[in-house]
Amino acid sequence: MIRTHAAGALRAADAGSTVTLAGWVARRRDHGGVIFVDLRDASGVSQVVFREEMAAAHALRNEFCVRVTGTVEGRPAGNENPELPTGEIEVNASSLEVLSEAAPLPLPVDDNVDAGDDVRLRYRYLDLRRATPAASIRMRSQANQLARRVLHDRDFVEIETPTLTRSTPEGARDFLVPVRLQPGTWYALPQSPQLFKQLLMVSGMERYYQIARCYRDEDFRADRQPEFTQLDIEMSFITQDDVIELGEAIVAELWGELAETEVPRPIPRITWHDAMARYGSDKPDLRYGVELTELTDYLRGTEFRVFAGAIDAGGYVGAVVMPGGASQTRKELDGWQDWAKARGARGLAYVVLDAETGEARGPVAKNLSAAHLAGLGDAVGAKPGDAIFFAAAAERREAQELLGAARQEIAKRAGLIDENAWAFCWVVDAPMFEPDGEGGWTAVHHPFTSPTDEWVDRFEQAPDRALAYAYDIVCNGNEIGGGSVRIHRADVQRRVFDLLGISPEEAADKFGFLLEAFKYGPPPHGGIAFGWDRVCMLLAGADSIREVIAFPKTRGGFDPLTGAPTPITAQQRAEAGVDAKPKPPAPAAGTTGEAAPVEMTR
RNA sequence: GGUCCUGUGGAGCAGUUGGAGUGCUCGCCGCCCUGUCAAGGCGGAGGUCGCGGGUUCAAGUCCCGUCAGGACCGCCA
């Protein structure tokens, strides 16, 4: 090593020893006759003092990479810096070697200055010299280690699966890779290792996990990148409760070690239908109340067309209360209409209860009968001074989701969110199917998800109500993981495919290899995958997963650092076989009554 | 694909009813400075106000288009 000590580790006890440090000039304070330099390495910062005979130190600039030898000394009385772990000492330099110089910086390496995303990402290596971004990446490493420890303690096997594979039946668009050796054919990058982990269960591995990179070619969000990471887990001979117990063990370990939070176990469970009814979301944020109230029955018979239309159509009318919302200005209340329209709703009906008299006011109030108005406050749990927002739709879920979004917005605007709180829950008993919009059904989770025992023999009778052994774990309104018990019985799988309109031929074409494997004694199995970027984002206290990814992309899929993606050369294009047409499949030998072509082998 | 926000020396910002590239903090260059710790003082350099078009006597400012970054909707089992 070209250094003897870590800069951040020096303490008063080291006084008197000669040390050699290597690191970067974090800051310099040049007084002419004496120069102070904060020397930073991965461990932290120590103050180095250069005296008159060390004139070369005048030439140091921020982020020069240097090696310094000197004596550790206690700082003169009164000059200690209690803000720094190394604040009691300083290094009196006797030699200075500039290992490399730094050009003027395109962004300040300073924890107090936050640059724009494009500059930060273009110079991510400089961005990561800052304490907070660096800490997030280091924290993620710890999270990986903690998860591995929990899983290894439980005899899990870490197994890597291919990233050049064939398309698997998740719903997202695939990233495709042309295949030079077979022009016209393409690999897909995996959207998840779903099928491989099920094959590993067939193979008798029994307990698999992987920190797996996954790829989905969809639009980005603050919590979505085109390549992302899952902590992917699958287990044999288990029930839903076993997977949930394991998930809780992992979450408790992570939050216990990295967030100093004791996660209450068992983590509360809520059914998917209750979550929608009470919170208008399948990933409810339980850090605050503000629950939804269904008013379909209460308002039955109303003459207000918006509500009556939904009720007559067999739909839903509901409300959510904004505590203190009656004090909003007309402009603020109008703002809610814009908010709702931005979400694709027609508007957001509201009634405010006068803070003094409790009288219901607002545009909707005059459309409701005196009887409906009189009992409204009690029906929705509103007090004088509150505002009540309504949503109505023929589709129950549509109205609930609007109210759920309003609930979140209310909590934000009314300051009801405790930013220091952690609220976990499992959302269980998810529906198996949802309408595909064309008269058929599509799998809510994926087509290998098992119906619950209650529904396994009759899910065809009411696909809209059939429930699955599918579960999501939610933290502060973020879905941080989800999984299911899988189907291991061929007859059940066939019936699910039938309902989904997947023909045996189509099934064989898409994932025949899995069905083939399931002929040979597949064990009952199930699993879970954690959205690892989101988990780390929450643990890091960040508001974007970009903060916990070393080299993230911008929302356009662009990497400002490398400039990827780029066009390819004509030669690359020709070699990759991007433009090749796939050969028609050769008939099997003998099936056409003609000799099959035989290729020369070497 | 849609809605919204942002774009001003290297970084972060301010810029009023349209009136001279105006200002602030940091950084950069030079000089001074022996106890600072986001050191301080003096001086200096650095600009296609993202880009293109329009309105106007006059545009950083208003309008249209476009590019880039961000938030959301659609999409993402």
Side-chain angles (χ1 to χ4, degrees), chain A residues 26-39 45-54 58 61-63 73 75-84 86-87 90 92 102-123 126-127 168-174 191-192 194 214-226 228 282 335 338-345 401-402 405 408-409 430-434 436 441-449 468 470 472 479 482-484 500 529 531 543-544 546 553-556 558 560:
Chain A
R27 202 162 269 132
R28 68 207 158 83
R29 295 173 290 280
D30 188 341
H31 292 240
V34 62
I35 303 164
F36 301 97
V37 166
D38 293 339
L39 188 145
V45 168
S46 265
Q47 174 166 285
V48 178
V49 185
F50 296 93
R51 302 198 183 278
E52 268 179 302
E53 61 276 16
M54 299 289 299
H58 287 298
R61 293 294 180 270
N62 282 346
E63 301 306 318
E73 297 173 354
R75 295 194 187 186
N79 281 313
E80 302 86 356
N81 186 347
E83 307 275 308
L84 297 177
T86 59
E90 60 195 11
N92 192 357
L105 299 167
L107 87 156
V109 178
D110 184 333
D111 295 329
N112 304 302
V113 178
D114 221 351
D117 269 49
D118 40 357
V119 181
R120 288 182 60 201
L121 295 191
R122 173 153 185 210
Y123 300 98
L126 292 178
D127 187 44
T168 53
E170 286 88 359
R173 206 171 288 117
D174 284 317
Q191 297 179 25
S192 79
Q194 182 62 39
C214 307
Y215 306 86
R216 293 177 192 176
D217 187 7
E218 297 292 344
D219 287 2
F220 300 9
R221 284 286 191 286
D223 62 354
R224 267 195 253 151
Q225 287 262 305
F228 62 99
D282 58 3
D338 297 335
W339 172 88
K341 280 172 189 154
R343 302 186 55 85
E401 284 180 346
L402 178 61
Q408 281 181 267
E409 193 65 22
M432 281 217 50
F433 308 104
E434 60 189 354
D436 65 2
W441 299 94
T442 183
V444 170
H445 200 64
H446 60 57
F448 310 111
T449 301
D472 286 341
E479 182 196 325
S484 64
L500 294 173
D543 48 19
S544 165
R546 289 189 293 270
K553 293 174 176 58
T554 67
R555 61 174 284 109
F558 180 69

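Each chain gets a letter, A, B and so on, in the order the sequences are listed, and its residues count up from 1.
Out of B:U36, B:G10, B:A38, the shortest distance to the side chain of A:Pro106 is found at B:G10. Candidate nucleotides B:C75, B:U34, B:A38 were compared by shortest atom distance to the side chain of A:Asp219, and B:C75 ranks first. The listed nucleotides are B:G10, B:A38, B:C37; the one nearest the side chain of A:Asn79 is B:C37. Checked against B:G10, B:C75, B:C37, the side chain of A:Asn81 finds its nearest nucleotide in B:C37. Considering only the side chain of A:Arg343, B:C73 comes nearest among B:G69, B:G70, B:C73.
B:U56 and B:G18: their C1' atoms are spaced 9 Å apart (whole Å). Using atom P as the reference point in both B:U25 and B:A39, the two lie 16 Å apart (nearest Å). Between B:G46 and B:G30, the two P atoms lie 16 Å apart (nearest whole Å).
For A:Arg546, no side-chain nitrogen or oxygen approaches OP1 or OP2 of B:G69 to under 4.0 Å. Proximity of A:Arg27 to the phosphate of B:A39: a side-chain N or O atom is located under 4.0 Å from OP1 or OP2.
Both distances falling under 3.5 Å, in either a Watson-Crick or a G-U wobble arrangement, occur for no nucleotide opposite B:C33. Of all nucleotides present, only B:C67 satisfies the Watson-Crick or G-U wobble test against B:G7, with each distance under 3.5 Å. Under the Watson-Crick and G-U wobble criteria, each requiring two contacts below 3.5 Å, nucleotide B:G46 is left unpaired. Base-pair partner of B:A14: B:U22 (Watson-Crick or G-U wobble, both distances under 3.5 Å). Nucleotide B:C76 is matched to nothing when pairs are restricted to Watson-Crick or G-U wobble geometry with both distances under 3.5 angstrom. A 3.5 Å limit on both hydrogen-bonding distances identifies no Watson-Crick or G-U partner for B:A58.
Shown here is A:Asp543, whose CG atom has no more than 12 heavy atoms of other residues, nucleotides or ligands within 6.0 Å. The neighbour count for A:Arg28 CZ, taken as heavy atoms of other residues, nucleotides or ligands under 6.0 Å away, is above 12.
Going from atom CD1 of A:Ile35 over to atom P of B:G40 covers 16 Å, rounded to whole Å. In this structure, A:Leu126 places its CG atom 12 Å from C1' of B:G10, rounding to the nearest Å. Whole-Å rounding puts the A:His445 NE2 to B:C76 C1' distance at 14 Å. Computed from coordinates, the A:Asn112 CG to B:A39 P distance equals 10 Å when rounded to whole Å. The interatomic distance linking A:Asp30 (CG) with B:G35 (P) rounds to 12 Å, in whole Å.
A:Arg224 contributes a side-chain N or O that, together with a main-chain N or O of A:Asp219, makes up a donor-acceptor pair within less than 3.5 Å. Remark: side-chain polar atoms of A:Gln225 are not paired, donor with acceptor, to backbone N or O of A:Arg546 under 3.5 angstrom. Between the side chain of A:Arg61 and the backbone N or O of A:Pro104 there is no donor-acceptor pair closer than 3.5 Å. A distance-only check finds a donor-acceptor pair linking the side chain of A:Ser544 to the backbone of A:Ala222 [under 3.5 Å]. No side-chain donor-acceptor contact under 3.5 Å links A:Arg27 to the backbone of A:Asp38.
Contact annotation for A:Leu105: backbone-only contact, meaning every heavy-atom pair under 4.0 Å involves sugar-phosphate atoms and none involves a base. When heavy atoms are screened at a 4.0 angstrom cut-off, A:Arg221 is found touching base atoms of the nucleic acid. Using a 4.0 Å heavy-atom cutoff across all strands shown, A:Glu80 reaches at least one base atom of the nucleic acid. Heavy atoms of A:Arg120 sit nowhere under 4.0 angstrom from any nucleic acid atom. Looking at heavy-atom distances under 4.0 Å, A:Glu52 makes contact with a base. A:Arg28 comes within contact range of the sugar-phosphate backbone alone, with a heavy-atom separation under 4.0 Å but no base atom that close. Counting non-hydrogen atoms under 4.0 angstrom, A:Arg173 reaches nothing in the nucleic acid. A:Pro108 comes within 4.0 angstrom of sugar-phosphate atoms only, judged by non-hydrogen atoms across all strands, and of no base.
Counting distance only, with no hydrogens placed and no angle test, the side-chain atoms of A:Arg216 and the base atoms of B:C75 include no donor-acceptor pair under 3.5 Å. For A:Arg61 against B:C29, no side-chain N or O and base N or O form a donor-acceptor pair under 3.5 Å.
The 5' end of RNA chain B is approached more closely, in terms of each residue's nearest nucleotide, by A:Asp114 than by the other of A:Asp114 and A:Arg29. If A:Gly116 and A:Glu90 are placed on RNA chain B by their nearest nucleotide, the residue sitting closer to the 5' end is A:Gly116.
We find that the ring of A:His31 and the base of B:G40 do not stack by the test of centres under 5.5 angstrom and planes tilted less than 30°.
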